[in-house]
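Working notes, structure below.
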Number of protein chains: 2
Amino acid sequence: MDQVNLKKLAKELNLAVSTVSRALRDSHEISPQTKERVRELALKLGFQPNPHASSLRQNKSKTIAVIIPEIENNFFSQVINGIESVTPSKGYHVLIYLTHEDYNKERDILQLLRNGRVDGIMISVSNTTTNTDHIDAWRQSGMPLVLFDRTCEELDVPNIMTNDAEMAFKATEHLLKRGCRQIAFLGMAGNLSISNRRKAGYLSALEKYKVAAPPQIIELTTKDYINRDLLHEVFRRESRPDGVFAAIEKFAVNTYEVCKELKLPIPREVKVVSFSNLQAAALFDPALSTIIQPAYDIGREAANILFKIIEKKMLMPYEKKMILPSQLIERASTAINS
Amino acid sequence: MDQVNLKKLAKELNLAVSTVSRALRDSHEISPQTKERVRELALKLGFQPNPHASSLRQNKSKTIAVIIPEIENNFFSQVINGIESVTPSKGYHVLIYLTHEDYNKERDILQLLRNGRVDGIMISVSNTTTNTDHIDAWRQSGMPLVLFDRTCEELDVPNIMTNDAEMAFKATEHLLKRGCRQIAFLGMAGNLSISNRRKAGYLSALEKYKVAAPPQIIELTTKDYINRDLLHEVFRRESRPDGVFAAIEKFAVNTYEVCKELKLPIPREVKVVSFSNLQAAALFDPALSTIIQPAYDIGREAANILFKIIEKKMLMPYEKKMILPSQLIERASTAINS
DNA sequence: ACATTTTTCGAAATCGTTTGCAAAGAATTT
DNA sequence: AAATTCTTTGCAAACGATTTCGAAAAATGT
């Protein structure tokens with residue numbers, strides 16, 4: 001074991017372990033000269049304090065957990081990027097956990113982390129999560145917790161999200177203004193907060209303009225082949241949609257695929273607008289009109305709030321909601337028929 | 001502090017701490033009856049062993065680190081997904097670190113982790129990494145380490161990658177067969193192993209067929225605006241490329257953007273094929289011919305090998321290389337001019 | 001010169017778990 | 001019956017850093 005630890009440093013310097021520890025933590029009760037001696041040797045030997053010993057003693061892990069449904073998703077990747085823009089400067093480490101949209105996994109992960117492994121968690125709930133007891137249990141035990149994007153507004157916990165309903169309204173309004181009258185809403189099956197907010201925006205736009213056919217709410221899944229089958233059926237109805245508002249990027253892709261198969265040209269026969277953080281949306285055939293969420297900012301701000309709670313600079317009750325606005329980019333997929 | 005620990009369990013059951021510990025770890029030297037008593041109370045009180053204490057005592061963290069250049073990249077997202085398909089069943093946790101293609105960050109992260117925080121690391125080096133001492137130092141200290149995709153073949157460390165040169169050859173050959181004679185190679189600046197392998201495949205295809213103009217090696221960066229400027233210049237040369245082989249997905253996107261601006265229709269004026277793990281490549285205008293890497297498998301296999309090393313089931317010298325083949329999907333961006 | 005404060009450092013306890021060793025009792029063998 | 005194993009449990013020492021407490025040494029005040 002050539003591991004260098006405090007004891008070895010102390011022996012080498014003829015000092016007590018406690019002195020070395022204090023010197024490295026820049027304690028005021030150590031003279032500048034000894035501090036310098038200690039630091040020099042520590043640097044020379046490449047001393048790195050054992051994090052488990054520190055964590056055990058100080059009862060803090062300098063680690064946070066990020067729990068998300070999936071990672072093959074631009075939105076969540078960008079969120080992680082945003083989180084990582086904060087953590088290193090705070091000296092924190094980031095554990096990643098994937099629920100794969102499975103409530104049981106989500107519950108188990110939260111249970112697994114109830115032992116001091118992390119100082120706080122950031123979570124975006126799975127679409128199969130209907131019971132929020134596991135999250136509330138975490139909150140009640142006083143552990144720092146922040147929800148983002150897929151939030152649970154009924155819980156007394158900080159929520160960082162975008163203006164889903166407003167943007168859904170705008171997207172639907174956009175389709176209406178481009179002449180659509182049979183507008184379908186493609187939402188995620190389950191009881192997700194974002195789906196509900198986006199659905200509400202969609203409905204209120206239809207309500208306000210009163211020119212369109214009744215709402216068509218279509219619930220899709222995480223499985224492409226199921227979605228394609230369902231959309232196939234939808235686009236063969238006599239009241240076939242002439243406009244599609246996809247609440248999830250993947251569903252817009254599914255729509256493109258099915259429209260291509262059914263030879264329904266976009267935007268002539270069907271116009272499409274979607275929540276999406278895909279950089280390449282502008283290169284689609286046709287270019288996809290998107291609502292871009294500030295994913296990076298959501299991650300960054302969620303991390304900032306979590307650290308405020310961890311550092312006790314923010315106590316309950318916190319400012320519960322933080323809403324970062326999205327942006328609607330109009331492209332060819334919702335162009336007027338020429 | 002309502003935290004339940006071994007001491008509390010022991011007191012409650014009138015047992016020694018060591019007995020409780022052994023009972024929970026299902027040691028053979030504890031009677032079935034006491035085991036049952038202990039387990040029952042542990043479950044009732046929701047006991048979770050403190051991981052820092054365990055890690056300190058056992059000198060293992062049950063954690064691995066994944067170090068990648070960036071996360072907003074389908075390839076790396078899919079790799080992480082593959083890694084995560086292995087870790088939970090092993091009882092391991094995954095820390096994520098981003099180097100942002102910065103050698104200094106990469107070096108610092110490796111240094112930071114030299115203290116037992118993790119039991120092993122998986123790394124894909126940044127494109128600014130020319131010196132591999134930091135990686136070799138890690139290897140020399142006997143810490144389990146696996147490289148994937150962006151490897152350092154000169155190091156005596158397991159490398160998990162795809163058949164880059166072969167696929168680059170095929171892609172270039174594909175362009176040649178579709179009539180291209182001025183084929184440009186878009187590679188990442190720096191001295192990345194994958195860039196070199198892909199470049200070699202490109203060159204050997206040109207060499208073999210001898211029908212094309214001399215190689216045009218264009219080195220791009222991580223910054224879109226720089227790439228676009230450079231490509232603008234390239235496509236205005238008198239010897240303008242009629243075929244582009246992009247070694248990185250992002251560069252294909254840049255090419256599409258510039259060709260659109262310059263009104264150079266793909267595939268008529270320029271044909272494009274690219275390494276890419278973008279699901280939506282088929283929806284591009286025109287659909288992009290891609291070389292799809294088995295990213296998920298790379299992550300999974302890299303993790304499997306790392307765990308073999310960690311569990312000492314595999315000792316040096318290991319099987320050094322593992323090569324998982326990619327797949328060329330021909331689409332409209334390399335179609336014959338009609 | 002003596003009393004008091006301040007500076008600097010060391011000894012030891014602590015965090016919670018694991019584990020080598022000892023010991024007591026039960027079961028088995030000689 | 002004595003000697004031996006085997007089973008089951010407890011005691012105490014780790015692991016490495018932090019921190020409380022106290023002591024010696026130095027600086028300051030009277």
Side-chain angles (χ1 to χ4, degrees), chain A residues 1-39 41-42 45-63 91 93 112-119, chain B residues 1-39 41-42 45-63 91 93 112-119:
Chain A
M1 185 62 68
D2 64 338
Q3 194 57 22
V4 7
N5 51 27
L6 286 186
K7 204 190 291 183
K8 180 171 289 184
L9 287 182
K11 186 182 286 182
E12 192 85 19
L13 292 163
N14 254 334
L15 288 173
V17 174
S18 52
T19 306
V20 178
S21 171
R22 275 188 271 249
L24 290 171
R25 322 190 91 243
D26 204 24
S27 160
H28 67 276
E29 43 184 347
I30 300 296
S31 73
Q33 298 90 308
T34 31
K35 269 185 195 171
E36 193 44 42
R37 281 180 60 213
V38 172
R39 272 199 276 254
L41 186 67
L45 300 186
F47 169 72
Q48 291 282 106
N50 183 308
H52 305 119
S54 294
S55 294
L56 176 60
R57 182 60 228 257
Q58 303 191 98
N59 202 29
K60 61 169 84 159
S61 62
K62 286 279 179 182
T63 305
H93 303 254
L112 190 69
L113 295 177
R114 302 195 50 146
N115 56 8
R117 185 178 291 275
V118 297
D119 294 343
Chain B
M1 186 63 66
D2 64 338
Q3 194 58 21
V4 5
N5 51 26
L6 286 185
K7 204 190 291 182
K8 181 171 290 183
L9 288 183
K11 185 182 287 181
E12 192 86 18
L13 292 163
N14 253 335
L15 288 172
V17 174
S18 53
T19 306
V20 178
S21 171
R22 275 188 264 253
L24 290 172
R25 321 188 93 242
D26 203 24
S27 161
H28 68 277
E29 43 184 349
I30 300 296
S31 73
Q33 299 90 311
T34 31
K35 269 186 195 170
E36 193 42 43
R37 279 180 62 212
V38 171
R39 272 201 274 255
L41 185 66
L45 299 186
F47 169 72
Q48 292 282 106
N50 183 309
H52 305 118
S54 292
S55 294
L56 176 59
R57 182 60 227 253
Q58 303 192 89
N59 202 29
K60 61 168 87 155
S61 62
K62 286 282 180 178
T63 306
H93 302 254
L112 189 69
L113 295 177
R114 302 195 50 148
N115 55 10
R117 185 179 291 276
V118 297
D119 294 342

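Numbered from 1 within each chain, the chains take letters A, B, ... in sequence-line order. Below, each value reflects all heavy atoms present in this structure, side chains not excepted, and no hydrogens, waters or symmetry copies.
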Touch class at under 4.0 angstrom, heavy-atom based, for A:Ser21 against every strand present: base

Nearest atoms (heavy-atom pairs only) where B:Gln58 meets B:Arg25: OE1-NH2, 3.5 Å

Interatomic distance, B:Phe47 atom CZ to B:Gln3 atom CD [nearest 0.5 angstrom]: 9.0 Å

For atom CD of A:Glu36 and atom P of C:dT8, their distance in whole Å: 15 Å

B:Asp119 versus B:Ser61, closest heavy-atom pair with distance: OD1-N, 2.8 Å

Closest nucleotide among C:dG16, D:dT20, C:dT19 to the B:Ala53 side chain: C:dG16

Distance, rounded to the nearest Å, where A:Leu45 contributes CG and D:dG16 contributes P: 15 Å

A:Arg117 to B:Pro51 - nearest heavy-atom pair and separation: NH2-CB, 3.4 Å

Among D:dG16, C:dC9, D:dA17, the nucleotide that comes nearest once only the side chain of A:Ser54 is considered: D:dA17

Upstream residue (5' side of DNA chain C) when B:Phe47 and B:Glu29 are each assigned their closest nucleotide: B:Phe47

Side chain of B:Gln58 (C-beta onward), nearest among C:dT19, C:dA11, D:dT8: C:dT19

Atom pair distance, as rounded to whole Å: CG in B:Asp26 and P in C:dT17: 18 Å

Sugar-phosphate, base or nothing in reach of B:Leu6, heavy atoms under 4.0 Å: base

N/O (side chain, B:Arg25) to phosphate O (OP1/OP2, C:dT19) under 4.0 Å: yes

DNA chain D contacts made by residues 12-19 of chain B, counting heavy atoms under 4.0 Å: B:Asn14, B:Leu15, B:Ala16, B:Ser18, B:Thr19

Atom-to-atom span, NZ of B:Lys60 to P of D:dA14 - whole angstrom: 21 Å

Separation of C:dG10 C1' from A:Lys7 NZ (nearest whole Å): 15 Å

Exam field: side chain B:Ser21 to backbone B:Val17, donor-acceptor pair closer than 3.5 Å: no

Presence of A:Ser31 side-chain N/O under 4.0 Å of C:dC9 phosphate oxygens OP1/OP2: yes

N/O (side chain, B:Thr34) to phosphate O (OP1/OP2, D:dT8) under 4.0 Å: no

Residue whose closest nucleotide on DNA chain D lies nearer the 5' end, B:Pro32 versus A:Asn50: B:Pro32

Pair assignment for DNA chain D - dot-bracket with | for other-strand partners, Watson-Crick or G-U under 3.5 Å: ||||||||||||||||||||||||||||||

d(CZ, A:Arg117; P, C:dC15) in whole Å: 21 Å

Non-hydrogen atoms of B:Asn115 and B:Leu112 that approach each other most closely: ND2-O, 3.2 Å

Check: A:Ile30 main-chain N/O paired with A:Arg22 side-chain donor or acceptor under 3.5 Å: no

Selected nucleotide, minimal atom distance to B:Asn5 side chain, candidates D:dT9, D:dG10, C:dT17: C:dT17

Shortest non-hydrogen separation from A:Leu45 to A:Val4 and the atoms involved: O-CG1, 3.5 Å

Length of the line joining B:Arg37:CZ and D:dT9:C1', which is rounded to integer Å: 12 Å

Closest-nucleotide 5' rank along DNA chain D - winner of B:Arg22 and A:His52: B:Arg22

Note, B:Leu6 side chain near B:Leu24 side chain (heavy atom, < 4.5 Å): yes

Smallest separation among heavy atoms of B:Asp26 and B:Arg39, with atom names: OD1-NH1, 3.8 Å

d(CG, B:Leu56; P, C:dT14) in whole Å: 17 Å

